[in-house]
Amino acid sequence: MPELPEVETVRRGLEPALAGRVLVRAEARRPDLRFPLPENFSARLQGRRVEALRRRAKYLLLDLDDGHTLICHLGMSGSFRVEDDLPGRFHHARTRLQAHDHVVFETDRGVRITYNDPRRFGFMLLVPQTELEEHKLLRGIGIEPLGNEMNGPFLVSAFAGRATSLKAALLDQGVIAGLGNIYACEALFRAGLSPRRSARTLGSARAGRLAAAIADVLREAVEAGGSSLRDHARTDGELGYFQHSFRVYDRAGQPCLREGCGGTVRRIVQNGRSSFFCPACQR
DNA sequence: ACCAGCTCCTGCTTGC
DNA sequence: TGCAAGCAGGAGCTGG
């Protein structure tokens with residue numbers, strides 16, 4: 001499911017419920033997600049204060065007061081929901097636990113935070129903060145696309161000599177952190193570039209357009225609370241609404257939305273993933 | 001080293 | 001209506 005805007009939406013939803021709070025309970029309701037959950041999960045988390053919630057790429061990072069960080073990845077279908085039963089409650093009321101509710105936290109303010117993940121491609125790992133930067137999942141991660149480093153010259157040099165397609169290069173988390181299938185398609189459409197173009201053919205003008213398109217689409221999506229398809233929900237159960245702003249994603253066979261283009265959106269498969277684009281105006 | 005394909009898993013949609 | 005195939009927002013691993 002989640003790409004950068006969805007993970008950032010989750011981070012913002014969890015922050016008021018978790019930042020500064022003590023976990024009075026942490027329950028792993030099965031031993032594993034994609035990877036085994038940390039050993040002694042409950043004992044290692046219970047009593048810990050969450051000092052900060054950060055996001056790096058598509059990873060959610062919970063910094064704990066014992067010097068460890070809980071790394072969470074939502075995979076394709078992971079979501080969190082925040083609920084309480086307090087008088088004048090701020091969050092949705094607690095529901096009965098549901099299928100695929102794999103991890104449950106409870107804070108010292110009586111708030112319950114539940115991780116649900118039908119496909120179990122997500123994972124949680126506990127890593128000492130001193131080893132976080134060097135952790136094998138994080139050390140090779142590329143630039144944050146909403147930061148200052150995202151610009152034309154960066155893309156030109158990052159893609160120089162790469163034999164792969166522009167689309168595959170955009171999905172490479174070692175280059176740009178947090179871009180996924182939807183926003184890669186949307187950024188290429190906005191920049192007027194074909195997903196099939198060889199990455200190394202990106203000249204400086206095209207690279208500049210692409211860098212701006214990536215930053216624009218991600219920024220707009222974060223503002224919209226991400227995109228909600230099928231099972232993605234925000235932590236408060238509401239839906240993001242950026243899916244209404246898709247210009248090519250999932251629009252195969254429909255007319256290109258670029259003014260005066262008149263083309264038809266196509267779906268092709270690249271590296272096993274759908275790419276949507278308009279062959280008439282994306283070159 | 002880069003690159004593409006396979007794989008993990010469940011659930012929803014599509015087509016016969 | 002039933003059933004099987006195809007598809008889904010990710011990314012680590014394997015082998016070429």
query = Checking salt bridge (charged side-chain N to carboxylate O under 4.0 Å, His left out) for the pair D32(A)/R30(A): CA distance, chi angles, key distance, verdict?
reply = CA-CA 6 Å; D32(A) 59 322; R30(A) 53 173 300 128; 3.1 Å; yes

Using the 3.5 Å cut-off, write out each protein N or O paired with an N or O of nucleotides 13-16 of chain C and the distance between them.
none

Main-chain N/O of R196(A) paired to S194(A) side chain as donor or acceptor, under 3.5 Å = yes

ask   = Which residues in residues 119-128 of chain A have at least one heavy atom lying under 4.0 Å from any atom of DNA chain C?
value = R119(A), F121(A)

note = Of the candidates dG12(C), dC7(C), dG10(C), the side chain of R267(A) sits closest to dC7(C)

key: R12(A)/E15(A) salt bridge by N-O under 4.0 Å criterion   = no

inquiry  = Would you say H73(A) places a side-chain N or O within less than 4.0 Å of OP1 or OP2 belonging to dG10(C)?
reply    = no

query = Should the pair Y249(A) and F276(A) be assigned to parallel (<30°), tilted (30 to 60°) or perpendicular (>60°) ring geometry?
reply = perpendicular

inquiry  = Using a heavy-atom cut-off of 4.0 Å across all strands, would you classify Y249(A) as base, sugar-phosphate, or nothing?
reply    = sugar-phosphate

query = Base, sugar-phosphate, or nothing for F242(A), non-hydrogen atoms under 4.0 angstrom?
reply = nothing

key: Check: T114(A) side chain, D101(A) main-chain N or O, donor-acceptor pair, under 3.5 Å   = no

ask   = Reckon L171(A) touches a base, only the sugar-phosphate, or nothing at all at heavy-atom distances under 4.0 Å?
value = nothing

ask   = Think R251(A) forms a cation-pi with F246(A), using NZ or CZ under 6.0 Å from the six-ring centre and within 45 degrees of its axis?
value = no

ask   = Which class fits the ring pair F105(A) and F41(A): parallel under 30°, tilted 30 to 60°, perpendicular over 60°?
value = tilted

ask   = Would you say the side-chain atoms of D84(A) pair up with the backbone N or O of G110(A), donor to acceptor, closer than 3.5 Å?
value = no

ask   = Does E149(A) reach the main-chain N or O of F154(A) with its side chain, forming a donor-acceptor pair under 3.5 Å?
value = no

ask   = So do L146(A) and L4(A) actually touch side chain to side chain, heavy atoms under 4.5 Å?
value = yes

note = Note, DNA chain C 5' to 3' with Watson-Crick or G-U pairs under 3.5 Å encoded as ( ), [ ], | and . gives .|||||||.|||||||

remark   = Whichever of R34(A) and A99(A) has the more 5' nearest nucleotide on DNA chain B, that residue is R34(A)

message = Let me spell it out: for each of V269(A) and G180(A), pick the nucleotide of DNA chain C with the closest heavy atom. Which residue's pick is nearer the 5' end?
response = V269(A)

task = For DNA chain B, find the residues of residues 152-167 of chain A with a heavy-atom distance under 4.0 Å and give them by number; none if there aren't any.
result = R162(A), A163(A), T164(A)

note = Contacted region of DNA chain B by chain A, from 5' end to 3' end of the hits, cut-off under 4.0 Å to heavy atoms, spans dC3(B) to dG11(B)

task = Answer yes or no: is there a donor N or O on one side and an acceptor on the other, between the side chain of E6(A) and the main chain of S227(A), under 3.5 Å?
result = yes

message = I need the full list of side-chain hydrogen bond (donor to acceptor under 3.5 Å, both in side chains) pairs touching residues 43-52 of chain A, with sequence neighbours left out, sorted by first then second residue.
response = R48(A)-D65(A)

